[in-house]
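Take a look at the structure set out below.
Below, chain A is the first sequence line, B the second, and so on; all start at residue 1. Just so it is clear, the model here is predicted, and its values are computed rather than measured.
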Amino acid sequence: MITITLPDGSEKKYVAGISAMDIAKGISEGLARNVLAAKVNGNLQDALLPIMEDARVQLLTWNDQEGKATMWHSSAHLMAEAIELLYPGVKFGIGPDIENGFYYDIDFGDYSISDNEFPKIENKMLELARQKQVFTRREVSKQEALDYFTKKGDPYKIELINDLEDGRITFYESGNFTDLCRGPHLPDTGHIKAVKLLSIAGAYWRGDETRKQLTRIYGITFPKKQELTDYLALLEEAKKRDHRKLGKELELFAFSPRVGLGLPLWLPKGAELRGRLEDFLKLVQRKAGYEQVITPHIGNVNLYKTSGHFQKYGADSFRPISTPVEGEEYFLKPMNCPHHCEIYANKPHSYKDLPIRYAEFGTVYRYEQSGELHGLTRVRSFTQDDAHIFCTPDQVKDEFKSVMDIVMKIFNALDFKDFITQISLRDPLNPSKYIGSDENWEKAEQAIMEVAQERGLETVIAYGEAAFYGPKMDFMVRDALGRKWQLGTIQVDYNLPERFELEYTGSDNEKHRPVMIHRAPFGSMERFVAVLIEHCAGNFPIWLTPEQAIILPISEKYNDYAEKLLKLLKNSDIRAQIDWRSEKTGRKIRDAEMKKVPYMLIVGEKEEAEGLVSVRKHGDGDLGSMTTEAFIERISTEVREATSEL
RNA sequence: GCCGUUGUAGCUCAGGGGUAGAGCACUUCCUUGGUAAGGAAGAGGUCAUGAGUUCAAAUCUCAUCAACGGCUCCA
């Protein structure tokens, strides 16, 4: 007999060799029907696998993320089985579950499949699912595994098997489909009740650009049809928040092929919004001891040779421009740091001057591959809310902390709660990618880890994601469609001060090398605004929104009153406009609602006679009438309260 | 850069080998109104660009460009 401990702490005795599924059946038939996989002593495994010794057992259903993952992983197998039946001879790469669904990388040979063939595959999958095919796990030797796929003629699987350790290789068989797989899998395919293939894409084999590109098919499955319907509706909703769509509708920014790829044009309203964000950060930075600087958009190529950027990125940059007579080469600036280093070097510094914090909204230009460009989140010209802090080694930690506080202040002010903090360190296996001494790297990595810990920040550590000159801490958020984007960044750099031979005189009257911290709380204005648009679905906070109120005269008779009102609002620094059109009130309201203007001020006979405004709030409806003064007070208070913490 | 899909009016989209359609937006006129679309008329397009097939191409073929979904990359 063995003792099984369930998550609620209860213990039960069973005969050895019992499966998680048997345990579920002992609790209730309903539960057994819903069990997708199990966790035994913390290890995810098949619900049908025998348990031989005392164990903690957790039954996983659709309500557990790991249950979903198992379902989707099995769905990838199901799709592969369907595709193998419909397109005999295809070769399979890998087919994992992902955050929302699964994919399988497939080599279709010369055939190019299109998404109008999806329904055919979906139907075949459902047909196979209804057969309730059992997933059978089998341990195989390496030789056996190689033999099987050699016979089948699947080079990708053979390559995968060659990288595996003998004795740890398992096959899973469902219906007529056998796949190399670690598992776990569903008890049977009958759990899959709704199937949707989502998209088709090229994907390099093993993510390597130099290798063959396979066809990746993405899909998602559910245990109930209704859940699929809900999921598709959710996707539709998310599309409405897409900053590219809202940016067009709200007239915030645009692109023009004549101006060039990835070069955003900020329209008046977008520029207003961005300007407010910049003003806000300038205020925060002034309080935190930053000084604004301004540097040119180009720099001599030697500047970037000194910084090391030329060697690293020169080939992937916009081609240099040159002076017509002397032929001197200049680069569009891809970074602000070299310029700021030269500002530091402009005069000798004492330790008493440090830390020195130079801030600049610096527009930089980077050649991004054409296929990478994406709305405002990935562009070729963008403005960093950049600053460089020059300090003594002893000051690094405190400075790092105070930068983190600025980032948190911004995220709080804009209600960004769902973000990931990532610490990016060197790739220990590939030290040649980085410049600078081991000792300096270690010091910097240590400082970041300590600060994160002291601030109690939950972080993920990413090895190999560091910049070539130093480790960093990045703040990432998701867009409406779930894609991750990096916003704020803080980077410790012991290398540039070295390369630029920056110095300060210490209290010992000796020359010392300062440490540099690069930081950008927004990251780039473009990307930040994109994420902000999606975060608030275009309903910007009152202190940021380009248009705070719109005055809607009931008829042209009240235009004079509207104009008087507008003057009063402008005098109180409220951003407002008048809808002059000879349209009915209902129409003006509808249009203002569509434009997401926070306040609509309706004025007619009654308002004019009594000096009132009738106030309607976006999304909330009629608030009734109030005196003009009361409205101005209301909106001013709202703005004050929103910005008081900043 | 690579794979796939798409490209028709400012926007959203229908059509499809025989000289271009709708709704919204725009202009003018009528209307002067009370909390999510008042009415009428008008203007607007080398059907992304270039080549090919054809008596005839917006429609079929190819190439180029761009957008979109991914992959790779991201100082």
### Message
Regarding A:Ala201, tell me which of base, sugar-phosphate or nothing describes its non-hydrogen contacts under 4.0 Å with the strands shown.
### Response
base

### Task
For A:Pro257, report the nucleic acid contact type (base, sugar-phosphate, nothing); a contact means any heavy atom under 4.0 Å.
nothing

### Task
Under 4.0 Å from any atom of RNA chain B, heavy atoms only: list the residues of residues 525-533 of chain A that qualify, in numerical order.
none

#### Entry: nucleotides 27-34 of chain B: protein proximity per nucleotide (B base, S sugar-phosphate only, - neither; heavy atom, under 4.0 Å)
----BBBB

## Note on the structure
Letter by letter from the 5' end, nucleotides 45-51 of chain B scores (B base, S sugar-phosphate only, - none; protein heavy atoms under 4.0 Å) -------

### Task
Validate the cation-pi geometry between A:Lys305 and A:Phe310: distance from NZ or CZ to the six-membered ring centre under 6.0 Å, angle to the ring axis within 45°.
yes

### Task
Give one of base, sugar-phosphate or nothing for A:Gly371, where a contact means two heavy atoms less than 4.0 Å apart.
base

### Query
In Å and rounded to the nearest 0.5 Å, what is the CD1 to CZ distance from A:Ile343 to A:Phe390?
8.0 Å

### Task
Check every strand shown and say whether A:His374 touches a base, only sugar-phosphate, or nothing at a heavy-atom separation below 4.0 Å.
sugar-phosphate

### Task
Compare side-chain N and O positions of A:Ser114 against OP1 and OP2 of B:G4 and report whether any pair is under 4.0 Å apart.
no

### Query
Of the candidate nucleotides B:C71, B:A75, B:A36, which contains the atom at the shortest distance from the side chain of A:Ile589?
B:A36

### Query
Base, sugar-phosphate, or nothing for A:Ile113, non-hydrogen atoms under 4.0 angstrom?
nothing

### Message
Does A:Glu209 contact B:C2 through a side-chain donor or acceptor facing the base, at a distance under 3.5 Å?
### Response
no

### Query
For the pair made of NZ in A:Lys239 and P in B:A67, what is the distance, rounded to whole Å?
19 Å

### Task
Kindly say whether, by distance alone, the side chain of A:Arg216 makes a donor-acceptor pair under 3.5 Å with the base of B:C3?
no

### Task
Please work out whether the ring planes of A:His309 and A:Tyr304 are parallel, tilted or perpendicular, with thresholds of 30° and 60°.
perpendicular

### Message
Looking at the base of B:A36, is there any donor atom on it, or on the side chain of A:Arg616, that sits under 3.5 Å from an acceptor on the other one?
### Response
yes

### Base of B:C2 paired with side chain of A:Arg211 (donor-acceptor, under 3.5 Å)
no

### Query
Out of A:Val477, A:Val407, A:Leu487, A:Asp474, which residue meets the side-chain contact (heavy atoms from CB on, under 4.5 Å) rule with A:Phe419?
A:Val477

### Message
Does the structure place the NZ or CZ of A:Arg211 under 6.0 Å from the centre of the six-membered ring of A:Tyr204, at an angle of no more than 45° from the ring's axis?
### Response
no

### Query
Rounded to the Å, how far apart are A:Leu267 CG and B:G10 P?
17 Å

### Task
Establish, from distance only, whether the side-chain atoms of A:His243 and A:Asp479 form a donor-acceptor pair under 3.5 Å.
no

#### Entry: Shortest side-chain distance from A:Tyr204, nucleotide among B:G70, B:G1, B:C74
B:G1

